[in-house]
Asks: 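Questions regarding the structure given below will be posed in turn.
These numbers come from a predicted model, not from an experiment. A, B, ... follow the sequence lines: proteins, then strands. Residue 1 opens every chain.
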Protein chains: 2
Amino acid sequence: MKTIKASLIGFGSVGQGVAKVLLRKQQELKLLGLDIKVVAIADSKTAAINLAGLNLEEILKRKESEGIVGDEKANGNEIILDIEHDLVIETTPTNIDTGGVGLLNMLTAFSKKRHVVTSNKGPLALRYRELESLASRSGCAFKFEATVGGAMPLLNLVRNTLAGNEVLSIEGIFNGTCNYILSRMMEEHATYELMLAEAQELGIAEKDPSYDVEGIDTACKLVILANAIFGMDVTYKDVSITGISRITPEALMLAEADGYVIKLIGEVSKNRIQVAPRLVPIGHPLAVGGTLNVASLQTDLAGPVIVVGRGAGSIETASAILSDIISIYKN
Amino acid sequence: MKTIKASLIGFGSVGQGVAKVLLRKQQELKLLGLDIKVVAIADSKTAAINLAGLNLEEILKRKESEGIVGDEKANGNEIILDIEHDLVIETTPTNIDTGGVGLLNMLTAFSKKRHVVTSNKGPLALRYRELESLASRSGCAFKFEATVGGAMPLLNLVRNTLAGNEVLSIEGIFNGTCNYILSRMMEEHATYELMLAEAQELGIAEKDPSYDVEGIDTACKLVILANAIFGMDVTYKDVSITGISRITPEALMLAEADGYVIKLIGEVSKNRIQVAPRLVPIGHPLAVGGTLNVASLQTDLAGPVIVVGRGAGSIETASAILSDIISIYKN
């Protein structure tokens with residue numbers, strides 16, 4: 001049995017999902033030979049620390065009832081620096097202007113030779129090469145399946161399941177909020193504004209939706225794919241981006257009459273990295289509805305491979321984080 | 001650099017695909033630290049053996065011009081028994097009544113402590129538990145991604161990319177021949193017999209198509225999934241099977257009028273293992289056309305995950321074999 005001491009930095013929806021999944025899968029992880037002890041959890045205000053392993057159930061309850069995880073005042077970065085542990089699970093909110101605390105947390109983790117598993121796109125969309133090379137020089141794993149498409153398998157799919165293949169291009173729908181709004185505009189012949197409001201009511205869109213609807217989130221994911229799969233060195237500023245806010249119900253109805261839907265498609269290959277609304281034939285594998293994500297890969301040996309899955313959600317994102325953790329330790 | 005001595009047993013379409021892919025990916029494999037030397041190749045009549053590594057290009061040419069691989073009279077099983085090597089790539093034709101030479105080859109390989117990577121469904125559909133436990137007792141890897149869905153990622157997807165998830169059910173289209181015939185019947189409003197004849201002309205269906213069109217091939221794949229993913233102990237005789245040969249153009253047209261297509265769907269979960277034609281809504285992720293394969297997985301954490309890919313083809317199947325080989329040696 002390997003005992004792994006982990007910190008959980010960030011305790012919003014994804015961080016809480018990770019705690020729930022670790023609780024729920026304790027037995028299965030032990031069958032795989034892994035005993036994962038969370039020795040520290042930090043949210044934006046407080047922290048809980050116990051070198052023998054925290055009681056995740058209690059902390060989840062306290063977060064729900066009191067809005068905090070513990071009584072310690074240490075912040076996440078101090079925990080990464082000072083507490084002896086093996087693995088940092090980084091789930092702080094994404095900041096794509098500066099990389100936010102996530103960037104500092106990852107840099108600190110690698111400097112202390114701790115592995116990093118993250119769902120935080122910002123640092124990777126800004127400073128991928130630096131992070132990757134620092135991880136590699138420190139002998140640390142750096143895993144981020146959860147950053148692209150949530151529970152939709154993609155990065156590990158390419159690296160493991162399709163090992164030996166060269167990926168020639170990837171295109172897909174990488175933002176569930178945009179997919180929901182466009183799918184509903186089509187179904188209801190309704191305006192963008194109306195369906196955005198519906199998505200906001202349902203918690204599918206943020207109060208300020210620009211990060212999603214302007215295509216920035218999709219662009220960040222393409223940047224991660226470009227750097228991690230295509231070996232490029234780009235940031236999200238290199239992406240040509242058009243969002244969905246100017247799409248009209250009339251455009252969707254015209255498309256439908258010709259047998260098409262309109263989807264916000266992200267596309268990346270060696271020569272091209274762009275986000276734009278595109279016509280997709282009804283019945284085409286990319287024409288998935290609701291909040292689903294989809295990616296269509298062209299490969300040199302396997303030919304076309306398409307994956308569909310949930311791009312967001314607390315447990316779904318935690319699922320990708322769990323698979324990353326297992327992949328680090330199971331060999 | 002790890003040097004791996006491999007035998008290639010079976011040199012039909014898939015075996016030749018493996019030779020071509022190993023040639024094409026020599027450099028990439030060396031970058032991964034793998035030097036794969038094929039020391040023996042056997043087809044049904046002849047063999048070629050060279051302990052320093054065979055010239056694959058020459059053997060491919062000879063097979064094409066003369067129909068044989070070499071001048072040796074040793075059969076595949078003798079090679080596995082007598083030639084010192086690490087890995088058996090087993091691509092002999094499937095026999096689902098007895099397991100054929102493939103079964104003997106796998107048993108012999110494990111008894112000689114050689115790893116097995118295979119595309120041969122028959123032995124797994126008949127004697128999975130025995131093979132698996134023999135492999136495990138011998139400390140050998142036993143990998144068979146290519147047996148289910150060709151280049152469509154499925155077994156390794158579940159074991160690696162979705163690690164930590166429990167798979168609750170899998171349903172999908174696992175036979176490209178049936179999918180082609182049904183898709184074409186729908187497009188042309190034509191009879192089963194006519195579209196079968198077209199598929200035979202194009203080389204998509206065999207002269208005796210019963211293995212595919214009666215659902216037996218799909219059943220074998222479900223059995224492999226049931227045993228390998230759901231931990232069951234079944235053979236293809238435990239599967240309830242209905243094929244596609246009685247589907248009429250009228251049934252397809254009635255379905256279409258209601259917004260459905262008819263697909264041969266294989267379904268497996270703890271309680272159920274069956275192959276039958278089913279109505280699938282147009283636009284549903286399972287409603288893929290042509291010769292594509294598709295699998296829809298329900299999982300406890302990631303939710304629904306769908307994969308689409310080419311279920312057959314020489315290079316595509318070899319792609320799955322290559323990924324299996326890499327997965328054995330890269331750690």
Asks: Going by side-chain hydrogen bond (donor to acceptor under 3.5 Å, both in side chains), name the residues that satisfy it together with B:E132, two or more places apart in sequence or in a different chain.
Replies: B:Y128

Asks: Checking an interface table here. Which of residues 299-308 of chain B come within a heavy-atom distance under 4.5 Å of chain A?
Replies: B:D300, B:L301, B:A302, B:G303, B:P304, B:V305, B:I306, B:V307, B:V308

Asks: Is the shortest side-chain heavy-atom distance between A:P153 and B:L157 below 4.5 Å?
Replies: yes

Asks: With sequence neighbours left out, what residues match A:F142 under ring-ring contact (aromatic ring centres under 6.0 Å, His included)?
Replies: A:F110, A:F144

Asks: Which atom pair, heavy atoms only, marks the closest approach of B:S319 to A:N165?
Replies: OG-ND2, 2.9 Å

Asks: Can you list the residues of residues 174-185 of chain A that sit under 4.5 Å from chain B, counting heavy atoms only?
Replies: none

Asks: Go through A:E145, A:E28, A:R24 and name the one with the most non-hydrogen pairs under 4.5 angstrom from chain B.
Replies: A:R24

Asks: Using non-hydrogen atoms and a 4.5 Å limit, figure out which bit of A:I282 sits close to chain B: side chain, backbone, both or neither.
Replies: neither

Asks: Decide side-chain contact (heavy atoms from CB on, under 4.5 Å) for A:N160 and B:S327; before the verdict, give the C-alpha distance in whole Å, the side-chain angles of both, and the deciding distance to 0.1 Å.
Replies: CA-CA 7 Å; A:N160 302 324; B:S327 80; over 6 Å; no

Asks: Between B:E166 and A:K25, which heavy-atom pair has the shortest distance, and what is it?
Replies: N-NZ, 3.7 Å

Asks: In the structure I gave you, are the side-chain heavy atoms of A:R159 and B:T161 within less than 4.5 Å of one another anywhere?
Replies: no

Asks: Is the count of non-hydrogen atoms from other residues, nucleotides or ligands lying under 6.0 Å from B:E256 atom CD greater than 12?
Replies: yes

